[in-house]
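In what follows, chains carry the letters A, B, and so on, assigned in the order in which the sequence lines appear, proteins first and then strands, with residues in each chain numbered from 1. On a predicted model such as this, the values are computed, not experimentally measured, just so you know.
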Amino acid sequence: MRRILDEKFFSGDTIKIAEKLLGKYLVRIKGGEEIALEINEVEAYDGVHDKASHASKGRTSRNEVMFARGGAWYVYFVYGIHWMLNIVVGEEEHPAAILIRGAGKISGPARLTKYLGVDGTFNKKMAALETGLWIEDRGEPADKKKIVQTPRIGVDYAGEEWSLKPYRFILKD
DNA sequence: TAAGTGATCTCT
DNA sequence: GAGATCACTTAA
């Protein structure tokens, strides 16, 4: 029996959920094969007040899905080259998402999407078995002692207050 | 350390 | 419609 994380899991506090995602498994069905990677690095983006979040400038066609209820994917394109994979969290009208930066042996958010074959077609879709991409609990809770918090990466433009917030969570080996 | 690359957003 | 910006990676 799979324990696929659904909107119930993703409806609470963004920061707490980010931390809880460590040690969960990102699962992808590709070409009939199942790829499961343990999530070991995430970043939280929470609310319109978070200057580093796409939602800080209000609702746009790109970030619209961040305003939906938790449980959907937010996939977008940056730097003309890279796809980023985020999971939407929080209640409706509260824009928040968690960027999955690393899982398994894959380090780096764009490398992850490239490896899994994730692109814009997943945007706004629910994370579920039918989608071919979801997150599941395999009953191995992350060791709290191995969790490290640091500031987020690549968000210097957000100003000191927000770029220095320890919203990045890493699960050490 | 810097260039690549193109969608998106903010002005006109 | 033009110009700037960007939740990154790779090659040097």
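Taking only distance into account, the side chain of A:Tyr76 meets the base of C:dA7 through a donor-acceptor pair shorter than 3.5 Å.
Taking atom OH of A:Tyr115 as the reference point, atom P of C:dT9 lies 16 Å away to the nearest angstrom. Per the geometry, CG belonging to A:Asn123 stands 9 Å off P belonging to B:dT8, to the nearest Å. Rounded to an integer number of Å, the gap from CD1 of A:Ile153 to C1' of C:dC6 is 15 Å. Between A:Lys51 atom NZ and C:dT5 atom P the separation is 18 Å, expressed in whole Å. One atom, NZ of A:Lys57, and another, P of B:dT10, lie 6 Å apart when rounded to the nearest Å. In this structure, A:Met84 atom CE and B:dT5 atom C1' are separated by 13 Å, rounded to whole Å. Rounded to whole Å, atom C1' of B:dG4 lies 5 Å from atom CD1 of A:Ile81. A:Trp83 places its CH2 atom 10 Å from the C1' atom of B:dG6, with the value rounded to the nearest Å.
The shortest distance between the side-chain N/O atoms of A:His82 and the OP1/OP2 oxygens of C:dA7 is not below 4.0 Å. When the side-chain nitrogen and oxygen atoms of A:Arg168 are compared with OP1 and OP2 of C:dA7, none of them lie within a distance under 4.0 Å. Under 4.0 angstrom from either OP1 or OP2 of C:dC8 there lies no side-chain N or O belonging to A:Thr113. Within the 4.0 Å cut-off from OP1 or OP2 of C:dT10, at least one side-chain nitrogen or oxygen of A:Arg111 is found.
In this structure B:dC11 sits in a base pair with C:dG1, meeting the Watson-Crick or G-U test at under 3.5 Å. Nucleotide B:dT5: unpaired (no Watson-Crick or G-U wobble partner with both distances less than 3.5 Å).
Remark: A:Lys124 engages A:Glu64 in a salt bridge, criterion side-chain N to carboxylate O under 4.0 Å. Under 4.0 Å is where a charged nitrogen must lie from a carboxylate oxygen, and between A:Lys146 and A:Glu38 no such pair does. Salt-bridge annotation for A:Arg152 and A:Glu43: absent, with no side-chain N of the basic residue lying under 4.0 Å from a carboxylate O of the acidic one. Ion pairing of A:Lys51 with A:Glu160 is absent here, as no side-chain N (NZ or NE/NH1/NH2) approaches a carboxylate O to less than 4.0 Å.
Side-chain proximity of A:Tyr45 to the nucleotides B:dG6, C:dC8, C:dA7 is greatest for C:dA7. When distances are taken from the side chain of A:Tyr79 to each of B:dA7, C:dA7, C:dT9, the shortest belongs to C:dA7. Each of C:dC8, B:dA7, C:dA7 was ranked by its minimum atom distance to the side chain of A:Phe77; first place goes to B:dA7.
When heavy atoms are screened at a 4.0 angstrom cut-off, A:Ala52 is found touching base atoms of the nucleic acid. Counting non-hydrogen atoms under 4.0 angstrom, A:Arg152 reaches nothing in the nucleic acid.
Using the six-membered ring where Trp is involved, A:Trp83 and A:Phe77 have ring planes that are tilted, between 30° and 60° apart.
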